[in-house]
Amino acid sequence: MDENQRPDLDELIETANYRAVLENQKQLLKSKFSMNSTFSFNGGTFNVTPELITYVRLMLEDGEEQLILLDKQSRPILVENLQEFYDEIKVVYQDAISDYFFSHKKIAKARRKTSRLLEVE
Amino acid sequence: MQGVLLCAHDNEVVDYATLAVGCAEFIKRHLGVSISLITDSKTWESLERQWPDRADHFHKVEFVDEEENSVRTYFNKEGEIQRGVFHNRSRKQAFDLTPYDETMIVDVDYLVLGNSLNRVWGSDADIRMNVGIEDLGSCPAIKMTRKINPMSMDIHWATVFYFKKNNASERFFDLVNHVAENYEFYSATYRFKGVLYRNDFAFTIANHIMSGYSGESFVEPLPDDHTIFCWDQSKIIQLRDDSALFEIATLDPSLKFPVRVTGRDVHIMNKISLQERFREFLNEQ
C-alpha cells in the first residue's frame, strides 16, 4: 500500500465501531470454518461434522470396509475404502477447527484495538 | 484437462485487461491450474502492452467480436458513479471456446484468496453454481435482490461456475444462448427489467427450464456454497497474497466499516478499486 492511502486507513480504523468490526470478523471466521470443513470425495461433497466422523468410525469398528453415504446434495456416494475416507475426514475436520480456534483466539486478544482485529500494523 | 476460463473486454471506464491479469495471478498462486482467456483484440493489445511479462499466464487465448450490451453503472474509489458499456456476452460461448474437459468460469473481479475452488474438480454434477451469497459487511449500503423478481426464483450467480464438457452442459448452454437471443421475451415472462443483459438471469432461467420448471435445481451449488460479495459502494484498500482489507459502506455515508478477509474468495463489485490494488500488487512482485 502506498503512503498516500495510510491516512485513510488510519482514519477508518479510528472511527470504526469496535463491536461491529468484532462481530463481523467473528461471522467471517464462522463461515470460513464451514468452508474449510467441506470435503470433496468421489464426485460428492460432504460437510465434515463430528457426527459423520463418529458414524464412519462406528462402521469401521463393525468391520465395514465400504459404505454408501449421502453427500450435501443427498447424492448417494460409494466410499470404497472406508479407512482411507475416515483418515481424510478426520484431518479435514481437525485442520478446520484448529484454524478456527487460533483465529478466534487472536481476535479475543485484540483487547478493543480495531487495528489488531484487522491485523494492521 | 481441468482449468479456469476468464472473459475480459475493456470499456471506457474499466481496465478489464489488468483485472484479468490480476485475477489470473491469484488463481495461479492459490489454485495452480491452467488458465485461458476469452477476449477481443483491443483488450489483448492493452494486456500485452501493460503486462508483457504476464501474458504467458494464459494457456490459450480465444478472440471474439464482443457484442454491445447496454450502459451500466460503475462506482469509482471515491464512490462516484461512472457509466460504461458492459461487454458480458462472451461468457455464454464458454462451452464452445473452452479448451478444458472440466472448466471453472471466474469473473475477473473475483478475488481468489484460497484454494476452495479446487474441491470442485472431478464432481459428479454437470454444472455447479451458487445461489447462496454472503455480504462482506453486516451493514451493506444497498439491499441486493436475491431473486429474479420478488415472487420468482432465487438467482444463480454466474460469477463463478463449473461445468463439464458433456451433452447435458451443451444443452444447458444452448438454452442460455436461446434466453440471451430472446431476452426481451424472457424478461417479460419472468418479470424483470430486461434493459441490461445479465448472465445471472439467463443462467437462472436456463436452469429453471432444465429442471423441468420445478422447484428442484439441475445446477448444484459449488463445494463452498456461499459466494462472498463486496458491493459497489464499498472498496478494497489493501491486498496481500492471501488476504485483503476492505472499506465497507454503510447506510450512513459518514460511517465506514473495515473488514479483513483471509483465505476466502471475494467477488468485488467495485472494479475500479480492484484494478488499482491489482496494479500495485503486480508492480510489487
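On a predicted model such as this, the values are computed, not experimentally measured, just so you know. Throughout, a chain's letter reflects where its sequence line sits, starting with A, and its residues are numbered from 1. FYI, side chains are in, hydrogens and waters are out, and symmetry mates aren't considered; it's all heavy atoms of this structure.
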Checklist entry - Of all of A:L29, A:N42, A:T45, A:L118, which one pairs up most often with chain B through heavy atoms under 4.5 Å apart? => result A:L118
Item to check | Heavy-atom pairs under 4.5 Å with chain B, option from A:N36, A:N17, A:T114, A:D71 with the top count | outcome: A:N36
Next on the checklist: Can you confirm whether B:E216 is buried at CD, in the sense that more than 12 heavy atoms of other residues, nucleotides or ligands lie under 6.0 Å from that atom?
Outcome noted: no
Could you tell me which portion of [X] (side chain, backbone, both or neither) has an atom closer than 4.5 angstrom to a non-hydrogen atom of chain B?
| X | result |
| --- | --- |
| A:D99 | neither |
| A:S34 | neither |
| A:I77 | side chain |

Checklist entry - Which one of B:S116, B:S123, B:P223, B:S243 has the most heavy-atom pairs closer than 4.5 Å to chain A? => result B:P223
Next on the checklist: Would you say the rings of B:F173 and B:F163 are close, in the sense that their centroids are separated by under 6.0 Å?
Outcome noted: yes
Next on the checklist: Looking at A:Y100, I'd like to know if the NZ or CZ of A:K32 sits under 6.0 Å from its six-membered ring centre while staying within 45 degrees of the ring's axis.
Outcome noted: no
Checklist entry - Salt-bridged, B:R54 to B:E25, with N to O below 4.0 Å? => result yes
Checklist entry - Is there a ring-ring contact (aromatic ring centres under 6.0 Å, His included) between B:W157 and B:F229 once you walk through the steps? => result CA-CA 11 Å; B:W157 299 92; B:F229 277 68; 5.0 Å; yes
